[in-house]
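As the structure is a computational prediction, the values presented were derived from the model and not from experiment. Order of the sequence lines fixes the chain letters, A, B, ..., with proteins taken first and strands second; residue numbering starts at 1 for each chain.
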Amino acid sequence: MNQEELFKKLVSHCKEYGFVFQSSEIYDGLSAVYDYGQYGVELKNNIKKYWWDSMVLLHENVVGIDSAIFMHPTIWKASGHVDAFNDPLIDNRDSKKRYRADVLIEDELAKLEAKIEKEVEKARKRFGDTFDEALYRETNARVLEVRARYDALNQRFNQAMNDNDLAGLKQIILDQEIVCPVSGTRNWTDVRQFNLMFATEMGSTADGALKVFLRPETAQGIFVNYLNVQKSGRMKIPFGIAQIGKAFRNEIVARQFIFRMREFEQMEMQFFVKPGEELKWFEYWKDIRIRWHRQMGFNPGDYRFHDHEKLAHYANAATDIEYRFPFGFKEVEGIHSRTDFDLARHQEFSGRKIQYFDPETNESYIPYVVETSIGVDRTFLQVLSASLHEEEAPTADGGVDLRTVLKLPPALAPVKLAVFPLVKKDGLPEIARQIINDLKFDFYCQYDEKDSIGKRYRRHDAIGTPYCVTVDHQTVSDETVTIRNRDTMVQDRVPIAQLKEIVGQKVSLRSLLGDAIKSE
RNA sequence: GCGGGAAUAGCUCAGCGGUAGAGCAUCAGCCUUCCAAGCUGAGGGUCGCGGGUUCGAAUCUCGUUUCCCGCUCCA
C-alpha cells in the first residue's frame, strides 16, 4: 500500500467505522468541517484526557482553565490578530503566485521614490559643489513629474485602503501596469480580503450590537486570565495554565481531511517564567512534550523537531514537533518561547498592571511565557495513521487472510473490552451480559453475539478494541473465559474474577503517563 | 485562489444514450462453530445538486457543491 492509498484507506475507515464524518453530509457537506462519530469521540476524549492528566495531574505547578470562546474584541487588537490578518490579496494567474495587493502598490511607490533619488544623484554629480539639492527637487521638470505621479498614486492608494475598496486597489494595479515579479505578466485575479477570524454579533438588536470574534487560538484566554489564576490560586512562578478548547480560523486553503479544519481543537499550556530563564524552560518542555508523543509507542523515527529559523515577532525560540503523516512530515505541536509580548500587550491595552512580584528579589516583572500548543485533531489523525494496519492472518482452514486492525494504545482505544458468547444458547449470553454489567462501571464494554466468533474478533480489530473475552461451555462449570489479545491474537484462559484487574492494568492511563513525565 | 482528477446502496465498485447492478455490510429466520467468506428471505439508490441537448440522460454538455492531488498560504 503506498502512502496515497493508505491515506484514502484511512479516510474511508474513519467513515465506515464511525470515527469521523463530514459535517452536514446530507446537505452536500460543509467545506473543511468534520464531525466525530461514536468511536471518534471516545478516541478524541481519551487523547484529551491523556494530555490533560500529563499536564495538570502530574505537574503540581500546572493548573487548568476553561475560558469562553467569545472574548472582548480588544483582546484581538492587543494580540495582533486584527492587524496581521486583514490583508487584501491578489493572485497572478500565470505564475500562480499570491501577493498582498497593498505591498505590490507600496513597491511601486518605492520605485518612483527611487527614480527621484536617482535623478538627484545624477544632478549632484553633474553640478558638483554648486549643487542646490532643495532647489533642484523643487524645480527640475523630471523630478516634479515623477513626484506628481507619486503623490497622485499615493493619494489614490490611501483612499482605497481607507475605504476598503478592493476593486479600487485592483484598478490601481492595472493602471500602474504592475507586473508579477515572477511571470512578468499582468494577468491578475480580483483583489480579495482574507479574514482569518470569524466574526459574529453579540447583542440581540442589530444596532448597538458588538462585533465579536470566534477565537482563532485558545492562548489569549489564558493570558487574559493570568492575574485571576495567579492570585486566586496563589501561584508562584514558574507555573503553567493549561486549556483544551475549540478555535476557529478561516483558512485560505483547508486540506488533508481533519489536518486543517476551520473549526478545530487545541490543547495549550502557557508556562510563566522569570525573564532570562525562558530558554531553559523551553528546552525542558521540548523534552517533556516529545516524551509524551513517543510514549504512545509508535515508530520513534516518525517524529522530528523542526526548529524555526525565522521567528515570529513575539518569539525568541520556536520549534515544531512533526509527525510523518501519509502526506509527509507535518506539524502536530508547536513549542514557542513567546517572551513577554502577550502579557505586555495586554498590560498596555487593558491598562491593568499584569506583573508578578517576586518576594525574594523584591521586584516586579512581566513574566516570560513558554507555550506548548498541540492540535487535538492532528493528534487524532496522527494516532490513527500510526495505528491502522493491514496484515496477514491465518484462517480456520489453514489459508491466509488480510485483517484490518487498529493498533491503538490500549489506553486510547474507544472500546476497551468486547464480550461474546461462543454460541447464542445454553445460558452463555446471560453470563456474557453479567460480565459486562459488572465491568461497564470501569471501562467501555461491548456485547456482540451476531455472526461467527471470527467475524466478531475482526469487527473489534477494526475499531481497535484491545481485548475480546469469549464465554464458552467451560465457563458454565469453572467460571473461566478466554481473553484474546488484539495485536497477537493469542488467547489465555482466565477466571472471570480476574478480568477487571487484567484489562484495567493494560488500559489504564498510568501505562502511558509513567514515562511521560520527567523525574525532577 | 489557480490547475488536474473524482462523485452510482452503509462500504468497495461495475454500468458510459434505451426497465439501476454485484460483492461485502444491515435486518429476520435456520445452523451452533474460538479467528472473514454455511443456508433461506428481506430492506435499502429521484446515479452529489441545478440547467441544457435528446423521443429518451447515471451515461453527452454547461454551471455548481464537496472530496482528493499539485502549486500557494500558515501563528
Side-chain angles (χ1 to χ4, degrees), chain A residues 3-5 7-9 11-13 15-18 21-34 79-81 84-85 87 89-100 182 187-192 194 196 216-217 219-220 247 249-257 260 266 268 308 311-315 318 320 327 330-331 334 336 338 341-342 371 373 375 393-397 399-405 420-426 428 449-462 468-474 481-484 486 489-491 493:
Chain A
Q3 294 296 288
E4 194 176 319
E5 285 168 346
F7 187 53
K8 286 200 163 127
K9 175 107 194 155
V11 173
S12 64
H13 193 89
K15 183 182 178 187
E16 185 168 0
Y17 290 95
F21 307 121
Q22 198 191 357
S23 164
S24 318
E25 198 184 356
I26 62 170
Y27 289 99
D28 288 336
L30 188 63
S31 181
V33 186
Y34 291 88
S79 70
H81 286 79
F85 292 94
D87 304 329
L89 300 178
I90 190 167
D91 292 297
N92 183 274
R93 289 201 174 93
D94 300 312
S95 65
K96 316 280 184 222
K97 295 285 177 191
R98 168 169 294 149
Y99 303 93
R100 281 176 54 176
V182 175
N187 188 7
W188 297 107
T189 63
D190 285 344
V191 176
R192 291 172 308 266
F194 286 95
L196 171 96
E217 63 174 26
Q220 299 304 325
R249 291 183 195 177
N250 242 330
E251 298 289 351
I252 297 171
V253 175
R255 274 289 180 74
Q256 265 119 14
F257 194 40
R260 179 165 293 134
Q266 294 182 304
E268 293 199 311
H308 290 207
L311 295 170
H313 55 282
Y314 53 74
D320 295 336
F327 41 87
K330 297 282 180 184
E331 176 188 354
H336 301 243
R338 293 180 74 123
F341 174 82
D342 300 279
E371 165 189 276
S373 172
T395 58
D397 56 12
V400 173
D401 168 44
L402 271 187
R403 73 163 185 149
T404 301
V405 52
F420 313 139
L422 184 61
V423 295
K424 249 188 291 188
K425 59 176 189 182
D426 303 335
L428 304 189
E449 60 175 26
K450 179 86 174 135
D451 299 313
S452 73
I453 193 75
K455 257 186 172 174
R456 284 178 266 171
Y457 285 143
R458 296 301 166 83
R459 268 205 287 271
H460 277 278
D461 286 342
C468 294
V469 155
T470 299
V471 174
D472 57 16
H473 290 95
Q474 189 182 331
V481 292
T482 60
I483 183 165
R484 179 255 197 191
R486 175 195 67 199
M489 297 195 285
V490 169
Q491 290 174 312
R493 182 162 281 278

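- One P atom belongs to G1(B), the other to G38(B), and the distance between them is 50 Å to the nearest Å.
- Between Arg459(A) and Arg456(A) the shortest side-chain heavy-atom distance falls below 4.5 Å.
- Aromatic rings of Tyr34(A) and Phe21(A) (six-membered ring for Trp) have centroids beyond the 6.0 Å cut-off, not under it.
- Between G50(B) and U65(B), the distance separating the two P atoms is 15 Å to the nearest Å.
- Summarising the geometry, atom CZ belonging to Arg458(A) is positioned 9.0 Å from atom OG belonging to Ser452(A); distances are rounded to the nearest 0.5 Å.
- Between Arg260(A) and the phosphate of C67(B), there is no side-chain N or O to OP1/OP2 separation shorter than 4.0 Å.
- Following rounding to the nearest Å, Asp451(A) (CG) and A25(B) (P) show an atom-to-atom distance of 7 Å.
- We find that Asp320(A) and Lys330(A) are not joined by a salt bridge, their nearest charged nitrogen and carboxylate oxygen being 4.0 Å or further apart.
- Counting to the nearest Å, the P atom of U12(B) and the OH atom of Tyr17(A) are 11 Å from each other.
- Distance check, rounded to the nearest 0.5 Å: CZ of Arg260(A) to CZ of Arg249(A) gives 9.5 Å.
- Counting any heavy atom pair closer than 4.0 Å across all strands shown, Glu331(A) reaches no nucleic acid atom.
- Using a 4.0 Å heavy-atom distance criterion, Phe420(A) is classed as making no nucleic acid contact.
- OP1 and OP2 of C68(B) both lie 4.0 Å or more from every side-chain N or O belonging to Gln256(A).
- For the P atoms, the distance from C11(B) to C49(B) is 15 Å, rounded to whole Å.
- Comparing His336(A) and Val11(A) along RNA chain B, the residue whose closest nucleotide (by nearest heavy atom) sits nearer the 5' end is Val11(A).
- As judged by a 4.0 angstrom heavy-atom cut-off over every strand, Tyr34(A) is placed among residues touching the sugar-phosphate backbone only.
- Per the geometry, CD belonging to Glu449(A) stands 14 Å off C1' belonging to G29(B), to the nearest Å.
- Here Ser31(A) contributes atom OG and Gln22(A) contributes atom CD; the two are 8.0 Å apart, rounded to the nearest 0.5 Å.
- Spacing between A6(B) and A58(B) at atom C1', rounded to whole Å, works out to 15 Å.
- Taking the six-membered ring for Trp and the full ring otherwise, the centers of Phe420(A) and His460(A) sit less than 6.0 Å from each other.
- Following rounding to the nearest Å, Lys330(A) (NZ) and C74(B) (P) show an atom-to-atom distance of 13 Å.
- Rounding to whole angstrom units, CD of residue Glu25(A) and P of C11(B) are separated by 7 Å.
- For U46(B) and A42(B), the C1' atoms lie 22 Å apart once the distance is rounded to whole Å.
- Base pairing in RNA chain B gives the following stems of 3 or more Watson-Crick or G-U pairs, range against range and under 3.5 Å: B:1-7 with B:65-71, B:10-13 with B:21-24, B:26-30 with B:38-42, B:48-52 with B:60-64.
- Using a cutoff of 4.0 Å between basic side-chain nitrogens and carboxylate oxygens, Lys455(A) and Asp461(A) are not scored as salt-bridged.
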Revision key, fill the gap. Each nucleotide of nucleotides 32-47 of chain B classed B (base within 4.0 Å of a protein heavy atom), S (only sugar-phosphate) or -, in 5' to 3' order, makes B-BBBS----------
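- For the pair Gln22(A) CD and A7(B) P, the interatomic distance rounds to 16 Å; values are reported in whole Å.
- Residue contacts shown for Arg456(A) are absent, as no nucleic acid heavy atom lies under 4.0 Å away.
- Using a 4.5 Å heavy-atom threshold, the side chains of Val405(A) and Arg486(A) count as touching.
- Note: CZ (Arg249(A)) to C1' (C73(B)) measures 13 Å, nearest angstrom.
- Residues satisfying the ring-ring contact (aromatic ring centres under 6.0 Å, His included) test with His308(A), not counting sequence neighbours, are His306(A), His336(A).
- Side-chain contact between Asp472(A) and Val481(A) is absent, with no heavy atoms from C-beta onward closer than 4.5 Å.
- Taking atom C1' on both G63(B) and C55(B), the two are 26 Å apart, rounded to the nearest angstrom.
- Comparing the P positions of G52(B) and C16(B) gives a spacing of 26 Å, expressed to the nearest Å.
- U26(B) sits 14 Å from G10(B) when the P atoms are compared, rounded to a whole Å.
- Separating the NZ atom of Lys15(A) from the C1' atom of A7(B) is a distance of 11 Å, rounded to the nearest angstrom.
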